[in-house]
Number of protein chains: 2
Amino acid sequence: MYVKRRQFHFSRNRLMTGARADVGTEWGDRLGIRKSTLEEVAAAAGVSKMTVSRALRGAPDVSPETRQRVLKATEQLGYVGNQLALSLSSQRTNLVAVVVPSMSNIVFPEVLAGISTGLEGSGMQAVFGLSDYDTRKERDVIRDMLSWRPSAIIVTGLDQPEDTVKMLKSAEIPIIQIMDLDGTPIDFNVGLSHGKAGEEMARALIAAGRKRFGYIGSVLERDLRAAKRKAGFERVLLEHRLTFIGQRLGDTLSSVGLGKYLTHELLRAEPNLDCIYYSNDDMAVGGAFAGMEASRTDDILMAGFNGLELAAALPVRIATSKSPRRMIGEVAARLARGSMVTDAPSNGKITAFVPEIIGIA
Amino acid sequence: MYVKRRQFHFSRNRLMTGARADVGTEWGDRLGIRKSTLEEVAAAAGVSKMTVSRALRGAPDVSPETRQRVLKATEQLGYVGNQLALSLSSQRTNLVAVVVPSMSNIVFPEVLAGISTGLEGSGMQAVFGLSDYDTRKERDVIRDMLSWRPSAIIVTGLDQPEDTVKMLKSAEIPIIQIMDLDGTPIDFNVGLSHGKAGEEMARALIAAGRKRFGYIGSVLERDLRAAKRKAGFERVLLEHRLTFIGQRLGDTLSSVGLGKYLTHELLRAEPNLDCIYYSNDDMAVGGAFAGMEASRTDDILMAGFNGLELAAALPVRIATSKSPRRMIGEVAARLARGSMVTDAPSNGKITAFVPEIIGIA
DNA sequence: CTTGTTACCGATACCGGTATCGATAACACA
DNA sequence: TGTGTTATCGATACCGGTATCGGTAACAAG
């Protein structure tokens, strides 16, 4: 299948003549810049590859002149370095594996952006995978990730099935579970309590005089955090002898369009609601649109979750809890960075955020 | 700094006793599941590691019984495999490097999602990096990526500076430039002509009777594709002896809030516009909100670009060009997959999409 | 019984780096 | 002059896999 390889064994003599001698495929330009090896750079600089390795990494025991020669050769050959060999040899990677459920909700990209900035300057790379809210797929993705021997792994949520947890533990690297706090973390945990977020939102809305609540969400079996928010909300409703008068659950992932559609439906069925709690801001924005179309913006308040930039720009006000998504990513990244220097992760460390509720008063 | 390694040399005898014997750190559970090597699996199965390698990869010359023994040992030890060693040894990776400018605009996450699904089942992994619309940063990110010897690289746009292009070429892997088509591709090219997109939008709006145009965008020096759309739009305006009556350019990245703010400003300065072209849908949605607040939704049409789901759900109609973002990602991924089997990328292959204009008629 | 074939498996040499130890030369010091 | 010391560098053995080639046993054919 794969054609012969290793048929060119560069002899030392050959190398001594300079690696520029015989390059010239379709790709290689005449600068001779191509993926070269330490060995080639060494030959060009007239030293051993060990010395090149040292020079490039800034090791102390290399004379200034040698270092210069090596640097020049590196430049000329366009040497890039090989993380595969480096990582295999040194037994440590600069990889951070990240698994998120989805990319179509802006929340996770923002977390990734946070991770990216949090990793900046550390020389570490994020490798990401999507689970599509599917635990089986998540397990497979995690397995693939682990085969790269990342130095840390960031996963979304606390509700991984047992075999996934076992696999994670067996990797013997820091495991950073993000977003959710309601559950038992394996190792590090960065996020917020969605149960509490739901509770607080309910309390705030009730305090603001809302009495007749509806709920709109999408597939809660998959978005467990939305389900936790709803459960928290309902707990507080119950405390006040209240309940959701009506609710609608979609069967696709949350979106503005879905929120709008379900809101129209719910408003028709229950015209006397004075507040609707949504599974998140996308849905709530859709709700706001529906409210505008139905001219119900004055007597009914839509409440979501996340604090999207979009929600703040809306012509009508909606309530929401601002989740520190970027921040969660950055903190997770910092924890991952730590993994490069400390061998002993302080087991069970938790970073808890409290979302700020806005748009009510 | 890093403490001693390689101090444990498992003797063959030691291994023969079973790798479960001496595990028991804080992390290892009593199942003995931990990162083990082919050698260990081989010892447990009583064969050579070469045989294990063959068995695990489904090579033909392994007897069924041996395969079973190996599989059992693999299972028991929770062997995961080491992509680092695999890739280094076999001289090919299953990595696809992806560089996008930003994560805060939903467009790029959607491209990534497309790439992810396009890669599904191929055993390939996407490694992504952010350039923040900064060419220097882009170059550094690309260099980091290349050091992992990916089997393909996907970069955004066609306007990389010369040194970046040189670096890309020297990697001798398929280079897939996405999103933009206006320029000279290095190798593969998947996207759409933003110049034409701007032209077509202008033509459609003029055909629909719009006459008094304004423009609202953000930092166009960074978002080159938005600049190309604007240029295309202006070309057609000129053909019709028209011009932008007024325009506003923000100095931050595009967002709904920014679009709303600038629209309010522009509407104050130029109250008699009947159409505003925006750098993208986020801005246009903000414009729509401003229009609603100013009660100008009947006499002025906002036009954006992307065809976001959000735009379709809006209570007022806005015009937009639907860009096939997911599709672009999927096609790019397919091209990247191809790279694993064919050594000779068909140089210069271009996949062109034509965005559909909606929301005008 | 000798000789091919075939099926199966192991030994060995890599892949491109790093860690470790040892060697050499220059220089200081007694 | 003999002996440490220090600075600088190379040789060698890995890391954990895969590619390649060769070897052995079983069985068929001559």
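To find a chain, count down the sequence lines: A is the first, B the second, and so on, and within it residues start at 1.
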Original post:
Does one side chain, of S53(B) or R57(B), offer a donor that lies under 3.5 Å from an acceptor on the other?
Top reply: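 Yes, R57(B) and S53(B) have a side-chain donor paired with an acceptor closer than 3.5 Å.
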
Subject >> Pair Q160(A)-Q177(A), side-chain donor/acceptor within less than 3.5 Å >> reply: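 Q160(A) vs Q177(A): donor-acceptor pair found between side chains.
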
Whole-Å distance separating the [atom1] atom of [X] from the [atom2] atom of [N]:
| X | N | atom1 | atom2 | result |
| --- | --- | --- | --- | --- |
| N94(B) | dG17(D) | CG | P | 14 Å |
| L88(A) | dC14(C) | CG | P | 17 Å |
| N82(A) | dC15(D) | CG | C1' | 13 Å |
| L56(B) | dT18(D) | CG | P | 8 Å |
| Q83(B) | dG16(C) | CD | P | 17 Å |
| R92(B) | dC14(C) | CZ | P | 20 Å |
| Y79(A) | dG16(C) | OH | C1' | 7 Å |
| L84(B) | dT18(D) | CG | C1' | 14 Å |

So, is [X] close to the [N] phosphate, meaning a side-chain N or O under 4.0 Å from OP1 or OP2?
| X | N | value |
| --- | --- | --- |
| S48(A) | dG10(D) | yes |
| R67(A) | dA7(D) | no |
| Q91(B) | dG16(C) | yes |
| R69(A) | dC9(D) | no |

**OP:** Give a yes or no on whether a donor-acceptor pair under 3.5 Å exists between the nucleobase atoms of dG16(D), that is its base, and the side chain of K49(B).
**Re:**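 Checked by distance alone, the answer is no.
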
Subject >> Polar pair under 3.5 Å, donor/acceptor by atom type, side chain R54(B), base dG10(C) >> reply: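 Yes.
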
N/O to N/O distances under 3.5 Å, protein versus nucleotides 4-7 of chain C:
none

Nearest to the [X] side chain among [options], which nucleotide is it?
| X | options | answer |
| --- | --- | --- |
| T66(B) | dG16(D), dT8(D), dC9(C) | dC9(C) |
| M50(B) | dA19(D), dT20(C), dG16(D) | dA19(D) |
| P64(A) | dG16(D), dT18(D), dT8(D) | dT8(D) |
| A85(A) | dG16(C), dA19(C), dC9(D) | dG16(C) |
| T51(B) | dT18(C), dG17(D), dG10(C) | dG10(C) |

Original post:
Quick one: does D187(B)'s side chain have a donor or acceptor within less than 3.5 Å of a partner on P174(B)'s backbone?
Top reply: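 No, the answer is negative, given that no donor and acceptor are paired below the 3.5 Å cut-off.
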
Original post:
Does the side chain to side chain contact (heavy atoms under 4.5 Å, CB included) test come out yes or no for L95(B) and R149(B), once each step is laid out?
Top reply: CA-CA 8 Å; L95(B) 286 181; R149(B) 301 289 189 267; over 6 Å; no

**OP:** Enter the distance from L71(A):CG to L56(A):CG here, rounded to the nearest 0.5 Å.
**Re:**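 Interatomic distance, L71(A) CG to L56(A) CG, rounded to 0.5 Å: 6.5 Å.
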
**OP:** Applying ring-ring contact (aromatic ring centres under 6.0 Å, His included), name anything that partners F108(A), two or more places apart in sequence or on another chain.
**Re:**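 In terms of ring-ring contact (aromatic ring centres under 6.0 Å, His included), with neighbours along the sequence ignored, F108(A) is linked to no residue.
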
Original post:
Hey, is E138(B) close enough to R143(B) for a salt bridge, meaning N to O under 4.0 Å?
Top reply: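 Salt bridge absent between E138(B) and R143(B).
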
**OP:** Inspect the contact between E330(A) and R337(A) and indicate whether a charged nitrogen and a carboxylate oxygen are less than 4.0 angstrom apart.
**Re:**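 Salt bridge flag = no for E330(A) with R337(A).
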
Original post:
How would you label the contact of S87(A) with the nucleic acid (heavy atoms, under 4.0 Å): base, sugar-phosphate, or nothing?
Top reply: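 Touches nothing.
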
